[in-house]
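Can you read through this structure? Questions will come right after.
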There are 2 protein chains.
Amino acid sequence: MRRNANSSDDSGGDPRSMDDDIVVQGVLTAIGQKRLAPGTKLGEDRLARASGTSRIHVRQALSHLASRHIVVQFPNRGAFVHRPSWKEAQDIFAARRLVEAATTGMAIDRLDARGEALIREHVAREAAHDPTDRPASLALTAEFHILIARLADNSVLFDAVKELTLRTSLAIATFETPGSLDCSPRAHPDIAGLILRRDRAAALAEMNHHIDEIEARLIPLLTKMDDDELTAIFKEIGSAAASGART
Amino acid sequence: MRRNANSSDDSGGDPRSMDDDIVVQGVLTAIGQKRLAPGTKLGEDRLARASGTSRIHVRQALSHLASRHIVVQFPNRGAFVHRPSWKEAQDIFAARRLVEAATTGMAIDRLDARGEALIREHVAREAAHDPTDRPASLALTAEFHILIARLADNSVLFDAVKELTLRTSLAIATFETPGSLDCSPRAHPDIAGLILRRDRAAALAEMNHHIDEIEARLIPLLTKMDDDELTAIFKEIGSAAASGART
DNA sequence: AGTTAATAAATTGGCGCCAATTATGGCGCC
DNA sequence: GGCGCCATAATTGGCGCCAATTTATTAACT
């Protein structure tokens, strides 16, 4: 009997071993629950002790997460939870608008009875869950978007939505304003209803609006500025001073 | 002085060490030159001897390539050059149409003098190259699409185009008809001219048509069928025989 | 007192070895 | 003659150890 690499379909990806998956899922849920802030160092020995596995699995898991842009690895310095720049966060949302508009349309095109049942089941699960539980809300949001992408029946776009969902949670953890809460899952039943009604234009517009709403909750904090932006600013001052001195 | 992980921007990704990159680039160019057919087993010891590096670098490189869907890894069996299914090839092209239409439009929006110079330089390089050199043509095609994606100034879509370009070369290696040759790079000067002229609609249409042309060169060869499709066919025969026997 | 340089501790990177699993060749059996 | 089974060989998976690099600490010096 051959064992499958990933049993649940909403798992992060395709790590080779089972112990790798433990580390990957651990880091992912820790990030999703905001127990691991962006920029945190992920020491190999520490993760190995925490996950109960060996250091080699931790390294493979970190390499896997690095390929998904969840962590960044510096040579001889270790792995850190990736802190996306403001530009990268905007890029992520622009890509989501593009890809998820496509997956929504394709999901409507290929919608059948099984797809309708899956959508209804998810809406029911969202209606029944505790709205004050932030990590659960975030996980349900990700599951909704991934479900739509699965119904689109395109493996490339499905993987893209999975990756963009993860990176979005990193962007939220980096740039979210402390005030706004639980405003996003409210829109899911609306989108689901429009999809079930095969209202293409309205579903696309609502999905775009939903992504815009998530993006609007983020603000560019200057304290979390990226190094590249900092050097760009210094270069800008330099050129401005040069032109000012010339004039 | 801090050394950069990847010096050239068109490299495959972000492998940690320099030796890993040797193996990654070696496998990539071998695939691009059709010296490694899809389905070929990539033994660790063999790759280590061939690349002159150690086995650990080979493993990290294979893990990296597996995360990019270039190779597939089976537990305790090793890594093989990924042989995309016909469905996956169609998915790749559908995703390319979506993403590259977007990158083309964004490249036109943000086009400046530097971008125009890069496009003109690439067109000149394509005009000067030997059209009978298949691997060089394929590499130039990939570089053109990646250049457009870079001008779009969206890191997520840039990475997506890089990955989709690689996967397309795998799809071509798997499904290409032997007859058709060097018909694709002909369209690049046209697309480049339309982009330079800021003709949005025509550029998008031409880019879509160009991708369609590449896809049209592929045919679903039955001999290179995927395992899943094969089992599906056997199941189909089984049910047909059962219903036939009952009737 | 601040800064620089040297030393020590901690962490990552890499290699060799051995165990576990799988592919292969040969043998006996039906 | 074909099929299934077992032993051998080859390959991958994993662990421990040591070297190389970075980081923290301490000391000396201006």
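Convention: sequence-line order gives letters A, B, ...; per-chain numbering from 1. For the numbers below, each heavy atom of this structure counts, side chains included, while hydrogens, waters and symmetry mates do not.
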Roughly, in whole Å, what's the span from CZ in B:Phe74 to C1' in D:dG13?
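Rounding to the nearest Å, CZ of B:Phe74 and C1' of D:dG13 are 17 Å apart.
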Can you confirm whether the side chains of A:Ser137 and A:His129 place a donor and an acceptor under 3.5 Å from each other?
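Yes, a side-chain donor-acceptor pair sits under 3.5 Å.
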With a 4.0 Å limit, can you tell me whether B:Ser17 has a side-chain N or O closer than that to the phosphate oxygens OP1/OP2 of C:dG14?
yes
Could you check whether B:Glu176 pairs with B:Lys34 (Lys NZ or Arg NE/NH1/NH2 to Asp/Glu carboxylate O, under 4.0 Å)?
yes
Verify the neighbour count for atom CZ of A:Arg35: are there more than 12 heavy atoms of other residues, nucleotides or ligands below 6.0 Å?
no
Integer-rounded Å distance: C:dT12 P and B:Asp19 CG:
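Those two atoms, CG and P, are 20 Å apart.
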Take atom CD of A:Gln73 and atom P of C:dG13, then tell me their distance rounded to the nearest Å.
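In whole Å, C:dG13 P and A:Gln73 CD are 7 Å from each other.
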Output yes when at least one side-chain N/O atom of A:His57 is less than 4.0 Å from OP1 or OP2 of D:dC15, else no.
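Checking D:dC15 against A:His57, a side-chain N or O does come within under 4.0 Å of OP1 or OP2.
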Between B:Asp91 (side chain only) and A:Ser155 (backbone N and O only), is there a donor and an acceptor less than 3.5 Å apart?
yes
Tell me: CD1 of A:Ile56 to P of C:dT11, nearest whole Å?
19 Å
Under 3.5 Å, which protein N or O atoms sit close to an N or O of nucleotides 21-25 of chain D? Give each pair with its distance.
residue	atom	partner	partner atom	Å
D:dT23	OP1	A:Arg77	NE	3.4
D:dT23	OP1	A:Arg77	NH1	3.3

Regarding the side chain of B:Arg55, the nearest nucleotide among D:dT12, C:dG13, C:dC15 is D:dT12
Compare side-chain N and O positions of B:Ser54 against OP1 and OP2 of C:dG14 and report whether any pair is under 4.0 Å apart.
no
